[in-house]
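See structure below.
Any value given below was found using the heavy atoms of this structure, including those in side chains, with hydrogens, waters and symmetry copies removed.
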Amino acid sequence: MIFLKNRWLILLQIALFAVLIAMAVVFFRERLLVDSGYYLLRMINHGWPWVEHQRYILVLSQILPWLGVVFHLPLKVILLLYSLNHVLFPLFVFYLTVKIYNKPIAGFVLLMFQVTSLITGFFVPMFELYYAGSLLVLFVSALYSNKSLTSYFILIISGFFIISSHPIGIVLLFMVMVIHFLKHKWEKVTIYGVIVTITLAMLLLKYFNASEYESGKTAAIISGFSEGKYSLTWLGGMIGFIFSNYLPVLIIATGIWIAMIINKSAKEAFVYFVFFMIIFFLSALNTDTLQISRYNEQVWFPLSVIALMPLLTTNIAGRIEKLKPLLMVVFVLFFAFRVNLILEEGNRYNQRTEILMKLISQAGEMNGQHFVIDEKELEIANVPGPNWSFPIESLLFSAESGPDSALTICTTEDYYFNDVYRELNGSNYLFWRIGTELHSGLNEKYFRLQNGTYLQLMPGGDMIKESE
């Protein structure tokens, strides 16, 4: 019934998801950048979804490729499944919100999460908060539903994963519960209690088992306060940064807040504004450089979540769900504009992949499986250079031809980083710049590295010229 009533609306959203799916297929190698490749390789070698920092939501980002490993599918298929996982998950959330909760507007929110503030972030799609944002859409849909048994199950499961995703995930979850409480008071007091209990348990777990990474991030922020880093000049720089790079988010948020005030939801609009400012300051504290990057896109992504979430929680959603033709045209044009920006960035990273594939081909003709290359030899205008995931990407790409074709290529910067090369003894390889791994730790169904030393790899002149 819901499909027949909103057929054209749902079909449009499915068509736009199909665009993202096609992009995930085309750029499946490019979407293994840095953390994405790291977690995938860890999962393949260990045979189970890989989780760090107690961020259990990471399991959801590895379901399809993990199944591929379980069923011994070819490595190339696993890489493709990994890329698709990051689009099919929000599509699955969309299906649930329409099927169970009759909320087709959720599809537009999920689609906007994918493109509104992400460009390079599209190529590092496993970030915890991207998944938490999708789950928050499902959580809100269940929170405002009267289907008690189904909704309680969904609320507890999605709430747990959101809480485990990232400290900012807890802030976003608390925000939607405050908004719900303003109108419904203690109607869902039981679920409030369960979510608070899970949150406290997770915070205690974090307190007693904080990872070195998370402790370091917290220490850096505290150090910034003691050093007087966060001055008015710093604040001005952050304000300029957000206006330069996140103007669409600011326009969307402001427009929705104005609509909320007109519809007599000023109190809810104020709460959203307050949380928007809280996230602004938390994101600013985690921003080291005022240049857009995949890291900064991850840091500032929660602003898009706050800007769009009122479409699911306030009475303006009913009007917007009817979607006047003009509004639809604007949305599709904006989606197309953002997709084009991602495609342009994808073409840049595709050139980077082509260079790496040529390096792999060249290395495959040499007598060895471990190689180091001077990153300065790969400096090409408008093409992203190698980074710390180069050894991971080279291992994954080379092994597509079979486990015996596997090889690894690192840069001289990584090879000499903190003298990590001194750990190499012939029976291990440079996993990434801060650590080595034994050959015996590789999943032999996909990777077989023989004992050996690192050889210098010199890129051919034709390779660089063709890429330029």
Side-chain angles (χ1 to χ4, degrees), residues 26-38 40-41 75-76 79 120 123-124 293-294 344-424 426 428-437 439 442 446-468:
V26 171
F27 296 117
F28 77 96
R29 290 193 182 96
E30 287 72 22
R31 279 156 67 85
L32 290 167
L33 194 64
V34 290
D35 293 349
S36 287
Y38 172 89
L40 179 64
L41 185 55
L75 183 59
K76 187 173 183 178
L79 302 188
T120 307
F123 304 98
V124 193
S293 64
R294 68 92 190 172
E344 290 179 354
E345 189 75 352
N347 290 332
R348 294 177 62 237
Y349 276 96
N350 180 256
Q351 294 180 62
R352 176 183 179 275
T353 300
E354 288 179 359
I355 292 173
L356 179 53
M357 296 300 283
K358 289 175 181 177
L359 288 174
I360 290 171
S361 178
Q362 179 183 336
E365 297 176 359
M366 300 173 64
N367 186 25
Q369 291 179 291
H370 309 75
F371 300 91
V372 59
I373 188 169
D374 186 349
E375 62 277 359
K376 294 180 181 178
E377 298 284 346
L378 302 177
E379 292 179 354
I380 306 172
N382 202 39
V383 176
N387 50 36
W388 64 259
S389 64
F390 223 55
I392 295 171
E393 294 172 77
S394 58
L395 185 59
L396 290 169
F397 297 165
S398 61
E400 287 181 32
S401 301
D404 293 318
S405 299
L407 57 85
T408 179
I409 304 172
C410 72
T411 64
T412 53
E413 180 183 3
D414 290 343
Y415 187 78
Y416 292 107
F417 187 81
N418 286 345
D419 290 337
V420 69
Y421 72 94
R422 296 182 184 276
E423 300 177 18
L424 297 170
N428 58 358
Y429 66 101
L430 189 71
F431 185 89
W432 60 330
R433 63 169 54 184
I434 64 174
T436 61
E437 296 283 339
H439 295 154
L442 290 165
Y446 297 102
F447 315 104
R448 293 188 194 128
L449 291 181
Q450 305 301 320
N451 290 350
T453 59
Y454 273 77
L455 306 176
Q456 187 72 36
L457 183 63
M458 299 293 294
D462 292 341
M463 178 191 306
I464 304 299
K465 184 176 181 180
E466 289 176 18
S467 299
E468 289 180 322

- Item | Any donor-acceptor pair under 3.5 Å from S398 side chain to I360 backbone | no
- Can any side-chain N or O of S389 pair as donor or acceptor with the backbone N or O of V34 at less than 3.5 Å? yes
- Heavy-atom closest pair, residues R433 and F417: O-CD2, 3.5 Å
- Note on the structure: Correct closest heavy-atom pair for Q456 and I373 would be NE2-CA, 4.0 Å
In Å and rounded to the nearest 0.5 Å, what is the [atom1] to [atom2] distance from [X] to [Y]?
X: S36; Y: I392; atom1: OG; atom2: CD1; answer: 10.5 Å
X: I380; Y: I355; atom1: CD1; atom2: CD1; answer: 3.0 Å
X: I409; Y: F397; atom1: CD1; atom2: CZ; answer: 11.0 Å
X: L359; Y: E377; atom1: CG; atom2: CD; answer: 10.5 Å
X: T412; Y: L457; atom1: OG1; atom2: CG; answer: 12.0 Å
X: L32; Y: L41; atom1: CG; atom2: CG; answer: 10.0 Å

- For the residue pair L356 and S394, establish whether any side-chain heavy-atom pair is separated by less than 4.5 Å. yes
- Query: Is the closest side-chain heavy-atom distance between K76 and F28 below 4.5 Å?
  - Reply: yes
- Message: Using the salt bridge (charged side-chain N to carboxylate O under 4.0 Å, His left out) criterion, which residues pair with D374? Sequence neighbours excluded.
- Response: none
- Message: Test side-chain contact (heavy atoms from CB on, under 4.5 Å) on N367 and L455; report intermediate values, then the result.
- Response: CA-CA 9 Å; N367 186 25; L455 306 176; 5.8 Å; no
The criterion is side chain to side chain contact (heavy atoms under 4.5 Å, CB included); which residues satisfy it with [X], sequence neighbours excluded?
X: Y421; value: Y415, Y416, D419, L424
X: T411; value: E375, P386, F390, E413, D414
X: V420; value: E423, L430, T436
X: S401; value: S405

Just to verify, what does [X] make a side-chain hydrogen bond (donor to acceptor under 3.5 Å, both in side chains) with, not counting sequence neighbours?
X: E365; answer: none
X: N382; answer: R348
X: E30; answer: N350, T353
X: N347; answer: none

- Output all residues satisfying ring pair (Phe, Tyr, Trp, His ring centres under 6.0 Å) with W432, sequence neighbours left out; order by chain, then residue number. Y38, W388
- Item | Pairs flagged by ring-ring contact (aromatic ring centres under 6.0 Å, His included) wherever residues 346-372 is involved - sequence neighbours left out | F123-Y349, H370-H439, H370-Y454
- Sequence neighbours left out, what pairs pass salt bridge (Lys or Arg N to Asp or Glu O under 4.0 Å) with at least one residue falling in residues 386-401? R29-E400, R352-E393
